[in-house]
Structure formats: C-alpha cells, structure tokens
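Below is one structure, written out as structure tokens, with a few remarks after it.
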Number of protein chains: 2
Amino acid sequence: MADDVASTERSRGGMSEQRRRRVRLEISREAARLFWAQGVDGTSGDQIAEAVGLSTRTIWRHFRSKESCAEPIVAQSVEWELATLRSWPPRRSLEEHFATEAKRLVSEIGPSEQADAGLGIKMVRLAETEPALRTAWLMACDQVERELAGVIATRLGLRPDDLQVRLHAAATAAALRVINEYVGAGLLDGTDPRQLGDESFAFIADAVRTATGGAVGDPVHTDEAPAEPDEAAPGSCGPGPSTTR
Amino acid sequence: MADDVASTERSRGGMSEQRRRRVRLEISREAARLFWAQGVDGTSGDQIAEAVGLSTRTIWRHFRSKESCAEPIVAQSVEWELATLRSWPPRRSLEEHFATEAKRLVSEIGPSEQADAGLGIKMVRLAETEPALRTAWLMACDQVERELAGVIATRLGLRPDDLQVRLHAAATAAALRVINEYVGAGLLDGTDPRQLGDESFAFIADAVRTATGGAVGDPVHTDEAPAEPDEAAPGSCGPGPSTTR
DNA sequence: AACCCGTCTGTCACTTAGTGACAATGTCAC
DNA sequence: GTGACATTGTCACTAAGTGACAGACGGGTT
C-alpha cells in the first residue's frame, strides 16, 4: 500500500501508464458510487471531483465525459473473463479452462476486488435504465468482442479480421453480455453467489459453443491434421458437444 | 403526397405519432448529411436547426442529444431486416423468406429510400470512429435484439425473457450488426451492390443459424411433434430451464 | 363569424458538461 | 542546484440541453 512505484516501468515522460490507470480507477469508483446513490443525472462533475479529491478540470482530463467515468469499473468487472479467454490454452476445452481459472480466482480475490466487482454489477444494472451508462457497458462489451476476435482467430487459424471470425466473436461477446446481465441481476436480487457462479461457468462455456455453432470450445490441434472438417460448414445440425467434464 | 392525414390514427392529443416521426426523420436526414460532411464535433445544434429550417430549441424537443439525431436514419437502415424477421412465417426457412422479401424490396424501393439507406450506411461507417455515433448504432442494434427475442421466442415456443431466447437473440443481433458493418463498408468502398446484396442474404441466413447453434432458421411445426429433438438441448448440460426465479 | 382549447413552435434566460490557456507545483535527469 | 517535462489547479469560455412564457396554427362548438 506504500507508494512503491519502483518496479514499474516509467520508461519516459512521467509515471504514466500505471499511475494513470490507478487514478482513473479511483475516480471511477467514486463516480460509480455516486451514480448508484443518486443516479447519473443527479450527479455532477463537481461532485465526483470533490469526492475523489481532485479538481473538476482534472476529471475531464482523465475522462472525456461524465458517463465514461464509469468505464474502468465496468471494464474491470469483465476483465477476469477477458483474461481467462486470453489465457485459454489451445489444447484445452473451454470447460476445463474455466473450471481451473475459477478456482484460482476465488482463492485470490480480496475485499477490494470484491467491492469493485459489486460496483461493476451495479453499473451494469443501472445501464438498463440509464442510456448514458448503457454506452459505457456496450463499450466494454465491444472491447471484449475485439479481444475475442484475437482469441478465436488463433484457435481457428484464421485472421482476426476474417468475417467468420468477426461473426463468431460478435455472437460470443453478445452472449457473454447477456449472461453478465443475467448473473448480475441475480446477484443484486439476492441469489446465492456461489450457486450463481457455478451456473455462470456452465452458461459461458455453453453459450460460446452455441454462439459459434460449435466451432469454438473444444481443444484444437495446433500442428496439423484438423480432424474437424465440420467447422467450415455451419449447417443446421449441432456439433457433438463432447462434454469433457 | 398531399397532406392527407385522414386515414392515420390521431386518437389522442394532436397529429402526433405520424407527423412527429416525419419531423424526426427530416431532422435526422440533415443531421446525418452534416455529420458525414463535417464530422459530429464539427456540427453544432444550431447548424442542424438552420439546415432543417427549425429553431434550435425545437431540435432539442425532438432529440435528447445531438448524436441521437442520427438515430432515425440509422434505425431505418435496419428496419427492412427487422420487418423481414418480423414477418417470417413459422413454416418457412430463413433462406426462402429472405429471398422472396429481398425480391419484393428491390422492386419497391424508390430514390428517396435509397438516399436514406446511403445516409444510414455512412452513419454506421462514421460510428466506427466517432464514439458518439457508435451509441446510436448500438442502440439501433439493441432494438433489433429486442425484436429478435420476440421472433425467436415465438419460433421456439418459449417466453421472450427466457435466458436461452435472450442468448440466441443477442448472438443473432450481434451477427447481423457485423454483417451490416461489413456490407456497408463494402458498399462505400465501391463493391458492386448487386453482388454484395446477394451475398448478404446468404450471410444473414447462415449467421442466424450459426449464432443460434442451429436452433433458429428452419421451418417450425406449430401444432406438435417437433421432429427436431436437437433444439431443446443446445449444449452439454442444459442449465437454462432451472431458472431459480 | 367569434371563441376556446390543445399542441407545436420560437425566444430568451439559465444550468452544466467540457475545452483552452496559463500559471504553479512536482519529479526526474544531469 | 537548474532545466525539461508532466501533472494539476484556476479561470474564462464555448456549446449542449432545459425551463418558462408567449405567440401561432388548427380544429371543433355555437
């Protein structure tokens, strides 16, 4: 918690990169708290600035608009899914990978992360009624989509801007968004977090397979011998969901 | 062409409903034209008002924000897809329906509609770089998603707020969005519209099947005897039905 | 005709989100 | 230390958007 900025890169031109993200996150926390307590319209830039202890001008230096103040806290709430997808080894199935990563996550999470996650869920909930916030949420999902395109492209051996890849990424990201909204709503309504968490892993794996027509989800063979000639023809019949559980 | 407002409903409170939509569309046309010519930031509310021949105050009476001025023209550019999905008879396949509707559309389209469609495509293109406009585009896609939920729910015999339906709708809407962006970019780059049009129909049908894991796209049997036992269990473990709600 | 009534619109004053410009401070490199 | 650069604060300013009031249009009643 001490001001140890030693080990971080600050190659040239100030302590940016890392410190900037911390400041943005700090602002975002306060903004989200106020948004949830008083609504977006009921919260002014001056209030946010005062709450975080900075001048209003500095707030606008870090965020281009009031609503976008919520972005970091929202982005962080999907960051773990993103990181999980990013670190998905080619030779593992989605279910396996999510199961192990989820375990690791549960053991590593601290109270601060938990609070942030709660704020993120609240922002997603607010986004359902506040169009201004919906932008922030959809932007975060947009980012997920972009990252997913990279992941999927790698697994299918195609380029990230390939139309098929983009379609898969978009469908998957949309499904993830719906699941996040569903799980978030459940958590706010008091559903048992543990059960909901377990459910959500199954949901995610299932949704990814479905949204990509079964093309993404199974282990892939990197070297050669595709052995799955069905991925190019997205016909009606579903793929064999080899539950590697 | 004449001011025949007779046949239209004006059940309560003035000629609204229809006239209001015309005014909004008129504003939207000019706004889109200016946005494309000078960028969003380079266009002021006063300019839009002057271009359309109204006072600035009236613009804000019709639109809650500058960017949202683009919404009607964007919404109209996806309206035909929406209408096509909406009128999709249960017993037909998606390919059949889109093919006949596309023919009908080509014969019915006029120069005004064509101009509007061009503006819509330009707005979608602009949305890739102008975050303010991206909101309008994503909002339109959001509307598509909602309508799709209804369509899919009907075809699968489920409720529109069923999680599975929402997942299918979200994935499908996302795929449609990507196709629209792809086709729009192609049109602006000078690809032959006819060929691109034919392509897009195939894309859409294909994408809908893929995005829903094959659950949506085929004719359905309304009365009974599903004859397609694969649609209920789209993945490994069917978590959906046990909604703890 | 005059009259009323409701809606739409314009004008103007006003709040607030967001920017530009400049000065003050703080930090690193030397 | 001093100079270069980045961050922040202060203040004046533009532009988005709202509230309030008044006039215009239009249609129905007598």
Side-chain angles (χ1 to χ4, degrees), chain A residues 3-28 30-31 34-35 38-71 130-133 135-136, chain B residues 2-27 30-31 34-35 38-71 130-133 135-136:
Chain A
D3 45 318
D4 50 1
V5 280
S7 61
T8 64
E9 53 180 323
R10 63 146 72 201
S11 49
R12 205 28 276 119
M15 73 292 258
S16 284
E17 268 359 82
Q18 225 225 7
R19 168 151 174 75
R20 183 173 181 84
R21 279 179 45 179
R22 283 177 73 106
V23 173
R24 280 174 58 91
L25 191 58
E26 191 62 33
I27 296 173
S28 193
E30 293 303 319
L34 289 168
F35 287 166
Q38 334 173 334
V40 178
D41 292 346
T43 303
S44 71
D46 290 359
Q47 275 181 302
I48 300 174
E50 193 186 357
V52 73
L54 288 173
S55 83
T56 308
R57 185 63 182 90
T58 302
I59 302 294
W60 304 137
R61 282 210 182 84
H62 285 278
F63 293 96
R64 65 186 184 288
S65 71
K66 191 171 65 168
E67 317 88 65
S68 65
C69 290
E71 268 168 22
E130 300 258 16
L133 272 191
T135 304
Chain B
D3 46 317
D4 51 359
V5 280
S7 60
T8 64
E9 52 181 322
R10 64 145 78 200
S11 49
R12 246 222 63 64
M15 77 292 257
S16 285
E17 263 10 74
Q18 225 224 9
R19 168 151 174 74
R20 182 173 180 84
R21 278 180 43 179
R22 282 177 72 107
V23 173
R24 279 173 58 90
L25 192 57
E26 191 63 32
I27 297 173
E30 294 302 319
L34 289 168
F35 287 167
Q38 334 171 336
V40 178
D41 291 346
T43 304
S44 72
D46 290 359
Q47 273 181 303
I48 299 174
E50 193 186 358
V52 73
L54 288 173
S55 82
T56 309
R57 184 63 181 91
T58 302
I59 301 294
W60 303 136
R61 281 208 182 83
H62 286 279
F63 293 97
R64 66 186 184 288
S65 71
K66 189 171 68 167
E67 317 87 65
S68 65
C69 290
E71 267 170 19
E130 299 257 13
L133 273 191
T135 305

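Quick caveat, the model's predicted, so the values are computed rather than measured. We name chains A, B, ... by the order of the sequence lines, and we start the count at 1 in each one.
- Whole-Å rounding puts the Leu54(B) CG to dA24(D) P distance at 17 Å.
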Expected string for nucleotides 18-24 of chain C under the B/S/- scheme (protein heavy atoms, under 4.0 Å, primed atoms plus P, OP1, OP2 as sugar-phosphate) is BBBB---
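- Residue Arg24(B) contributes atom CZ, which lies 16 Å from atom C1' of dC8(C) at whole-angstrom precision.
- Considering only side-chain N and O atoms, His62(B) lies nowhere under 4.0 angstrom from the phosphate OP1 or OP2 of dC8(C).
- Shortest non-hydrogen contact noted between Ala136(A) and Glu71(A) is CB-CG, 3.7 Å.
- Summarising the geometry, atom CZ belonging to Arg61(B) is positioned 11.5 Å from atom CD1 belonging to Ile27(B); distances are rounded to the nearest 0.5 Å.
- Here the P atom of nucleotide dG27(D) and the CZ atom of Arg19(B) are 12 Å apart, to the nearest Å.
- Put simply, CG on Asp41(B) is 14 Å from C1' on dA17(C), counting in whole angstrom units.
- Rounded to whole angstrom, the span from the CD1 atom of Ile48(B) across to the P atom of dG17(D) amounts to 10 Å.
- Formation of a donor-acceptor pair under 3.5 Å by the Lys66(B) side chain with backbone atoms of Thr43(B) is found in this model.
- In this structure, Glu50(B) places its CD atom 13 Å from P of dT11(C), rounding to the nearest Å.
- Phosphate contact (OP1/OP2 of dG10(C), side-chain N/O of Ser55(B), threshold under 4.0 Å): present.
- With rounding to whole Å, Gln18(B) atom CD is found 18 Å from dT7(C) atom P.
- Remark: Glu50(B) CD to Gln47(B) CD distance equals 7.5 Å, nearest 0.5 Å.
- Annotation: the span from Ser55(A) atom OG to Asp46(A) atom CG amounts to 9.5 Å, rounded to 0.5 Å.
- One can place CG of Asp46(B) at 13 Å from P of dC12(C), the figure rounded to the nearest angstrom.
- Shown here are the side-chain hydrogen bond (donor to acceptor under 3.5 Å, both in side chains) partners of Ser44(A), two or more places apart in sequence or in another chain: there are none.
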